[in-house]
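For reference, positions follow the sequence shown, starting with 1. Small disclaimer: the values here were computed from a predicted structure and weren't measured.
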Amino acid sequence: MKTILDLQTGVVTLLCTAALAGLTACEADPVMQESGKLPDKGSIEEVHVMLCSSNSVENRVDVLLTEGGVMTKNFYLRQTQPAAAGYSLDAWCDASLLNDYDAGDEIERTLLPEANYEFPDGKTLDLSAATQRSELKRIKFSATGLAAGEYVLPLTVAEQDAPDENKTLYYNVSVRQPYTDEYALHDGHDLFFVFYINTNDFQPLLVLDYIMQKKLARGSTVAWHEAVGNIVNLRTVQVGYDAATSRALLNLGSDMTYVLSQSTKYIRPLQEHGRKVCISIEGGGTGLGFCNLTDTQIEDFAAQVKTVIEQYGLDGVNLWDRNSGYGKEGMPAVNTTSYPKLIKALREALGTEKLLTLTVYEEPTATFWNTEATGGIAVGDYIDYAWSGYNSESEAPQLLDPWHPEQEYVSAYTQKPIANLPKERYGCVNFPIYPAARTEEEAMMQEPGFLIDWILADYRPNNIIVFDDLHAHLQDNYETAWDGTFAMHCTFMDPENNLILGSRKGYNYLFDKDRLSNISEGIYNYGKWLKDWN
């Protein structure tokens, strides 16, 4: 199907080259700018020059924007072998290519207006005699003033009147309306929900269907019926290690990389609904982790995290030091200052507008109460929230209350208060999402009745409630179990629940799974929100 050519855009033959940082509009002028000496035509054909994208292995690149939003993509020049001499080529927009363009999806697309893309670092792609690949260039897309719909931008380094698919990228730009929902996001005044989503299994959009109702236990009065999930931590992101350079690398993995590259689809709806979306970083089993980084590695790693947070428009980062594999041969010994230094470096890199949260778990965080052990760094000065990381399905819910006078009474684990962290910003319980109980003992283990005494004694420091990796409605051993235990945990964590008050005025929680279990037209669906990529 031919693409619609919108003559009102005024784009005829548009020169374009992308760069790595700001934006400069693409202006209409001759095909080649005076950007450097070009090799003769025969030389180029012999070398086989290609225009490539770092966002796609094909010459079609999908760009998904929200109305008024922006997104940046990278592209570069590649040749099959070094040329006899260095040269430069200018990328430009060839509007004539739209006449025969067909993306193969039966979607009619309009030429993207000139005002909606810019080139941060100019338009010239340089290749030296010794290299086969140019530096990355960026093109920044903007949906400002664009109606929701489908657009395309053909970017090429081919000569005018000599189209070449190998030297052309087609940016398929989809503009969507901001996300709206019939359910408002609960403001967290009684329970402030912190979620984890494992992108190895699920789309982050799963969170949108977590709907709760708080109502009188013995009556019809509904306090609220709203969406929940104030902070959403996306996993799995790990600390990697490059033996050749001794660098600690932020390893996003294939699933997270895909989710972030499609942030307009998977992340913006959550943010537009009022949620804060963060990546959660944990160990990668290499023996290098938060507790044995050098100062150079810390500075480098913090810069990598900052780049990802800014590039994909995330709201912050959660640190959870587990599965690092400390003690492997050739790796540095752990120490008590590395982790606090990393936390401080991340706060300085991210500033105060981004969230920096900490999951308390085992030895890595055991000394965070002691500023002498942490090199004089009071960890609580640099983080927004902290919460327990104990949430095993083989254990009862763990109440990790650092301020309780008898910690062994409420948990199998102990933790002293983090230096300078107010108790109002510490989550004492991280609830597992249990499968169906197979025995009476398992059923009793999963019930958090011990929270009653803790709340009645006025130990509950805040309204933070944390949950392990969320589940969809699946035909597995979680079906008919996870939603009930989820609602029960909410009920026990709220001081207004009927079990504590023992009166008709008490409230409890119900999980509304209707939207999670159904897709369009009321079709019952067990696999909703499973990841839709390979």
Side-chain angles (χ1 to χ4, degrees), residues 233 235-252 278-309 316-350 354-390 400 402 407 411-421 425-426 430:
N233 296 306
R235 346 182 5 253
T236 301
V237 179
Q238 298 176 322
V239 180
Y241 177 66
D242 184 352
T245 61
S246 298
R247 293 181 65 199
L249 299 178
L250 185 65
N251 181 11
L252 297 176
C278 307
I279 54 171
S280 180
I281 309 174
E282 56 191 72
T286 65
L288 186 70
F290 302 152
C291 292
N292 60 350
L293 298 172
T294 66
D295 290 350
T296 299
Q297 289 171 329
I298 288 172
E299 181 181 3
D300 179 23
F301 192 78
Q304 295 175 55
V305 173
K306 178 182 179 181
T307 297
V308 168
I309 298 300
V317 61
N318 168 249
L319 302 177
W320 190 341
D321 196 340
R322 58 177 175 174
N323 305 320
S324 292
Y326 293 123
K328 289 192 175 183
E329 185 178 353
M331 289 296 179
V334 299
N335 61 78
T336 58
T337 60
S338 171
Y339 201 169
K341 285 181 178 179
L342 174 62
I343 291 171
K344 183 174 183 290
L346 283 170
R347 172 55 71 204
E348 292 170 349
L350 297 176
K354 299 296 184 181
L355 286 177
L356 178 55
T357 64
L358 172 73
T359 303
V360 171
Y361 191 69
E362 296 183 347
E363 289 300 316
T365 57
T367 60
F368 281 9
W369 63 275
N370 184 356
T371 55
E372 290 187 9
T374 57
I377 297 173
V379 171
D381 289 339
Y382 299 97
I383 60 176
D384 295 288
Y385 296 97
W387 46 73
S388 167
Y390 297 101
L400 192 68
Q407 290 192 43
S411 178
Y413 308 94
T414 60
Q415 173 70 35
K416 292 185 178 182
I418 295 172
N420 290 1
L421 181 70
R425 293 193 278 122
Y426 180 85
N430 189 331

Can a donor-acceptor pair be found between the side chains of T357 and N318 at a distance below 3.5 Å? yes
Minimum-distance pair of heavy atoms, taken over all atoms of G240 and L288: O-CD2, 4.3 Å
Looking at CH2 of W387 and CH2 of W320, how far apart are the two atoms once the value is rounded to the nearest 0.5 Å? 10.0 Å
For a 4.5 angstrom cut-off between non-hydrogen side-chain atoms, does E363 reach Y326? no
To check you understand the geometry: which heavy-atom pair defines the closest contact between N420 and A378, and what is its length? ND2-CB, 3.5 Å
Please check: side-chain N/O of Q415 versus main-chain N/O of S388, any donor-acceptor pairing under 3.5 Å? no
With a 4.5 Å limit on heavy-atom distance, are the side chains of L319 and L346 in contact? yes
Could you check V237 against L250 for side-chain contact (heavy atoms from CB on, under 4.5 Å), going step by step and ending with a plain yes or no? CA-CA 7 Å; V237 179; L250 185 65; 3.6 Å; yes
Side chain to side chain contact (heavy atoms under 4.5 Å, CB included) partner of L342, chosen from T337, V305, I298: I298
Point-to-point distance, once rounded to the nearest 0.5 Å, from CD1 of I383 to CG of L358: 5.0 Å
Which residue pairs pass the ring-ring contact (aromatic ring centres under 6.0 Å, His included) test with at least one member in residues 327-347, sequence neighbours excluded? F290-Y339, Y339-F368
Is there a donor-acceptor pair closer than 3.5 Å between any side-chain N or O of N292 and the backbone N or O of A333? no
Got a second to check how far N323's CG is from Q238's CD, nearest 0.5 Å? 8.0 Å
Side chain proximity check, K328 to T286, heavy atoms < 4.5 angstrom: no
Q297 (side chain) donor-acceptor with S246 (main chain) under 3.5 angstrom: yes
Would you say that V239 contacts I281 through its side chain, given a criterion of any heavy-atom pair below 4.5 Å between the two side chains? yes
Residues pairing under salt bridge (Lys or Arg N to Asp or Glu O under 4.0 Å) where one sits in residues 297-306, two or more places apart or in two chains, turn out to be R247-D300
Validation row: V360, I418 side chains within 4.5 angstrom (heavy atoms): yes
For side-chain contact (heavy atoms from CB on, under 4.5 Å), just list the numbers for V317 and L356, CA-CA rounded to whole Å, side-chain angles, deciding distance to a tenth of an Å, and then say yes or no. CA-CA 5 Å; V317 61; L356 178 55; 3.5 Å; yes
Expected output: side-chain R235 to main-chain S280 donor-acceptor under 3.5 Å: no
Tell me if the NZ atom of K354 is crowded by more than 12 foreign heavy atoms within 6.0 Å. yes
For residues A349 and A302, report the shortest heavy-atom separation together with the two atoms involved. CB-O, 4.3 Å
Partner residues of T307 under the side-chain hydrogen bond (donor to acceptor under 3.5 Å, both in side chains) criterion, sequence neighbours left out: none
Between T367 and A373 (side chain of the first, backbone of the second, donor and acceptor by atom type, cut-off under 3.5 Å), is there such a pair? no
How long is the straight-line distance from CG of N251 back to CG of D242, given to the nearest 0.5 Å? 11.5 Å
Quick one: are I377 and K341 in side-chain contact, heavy atoms under 4.5 Å? yes
Backbone N or O of A248 within a donor-acceptor pair of the Q304 side chain at under 3.5 Å? yes
Compare all side-chain heavy atoms of Y390 with those of N430 and state whether any distance is below 4.5 angstrom. no
How about C291 and D321: do any of their side-chain heavy atoms sit closer than 4.5 Å? yes
CG on L421 to CG on D384, rounded to 0.5 Å: 9.5 Å
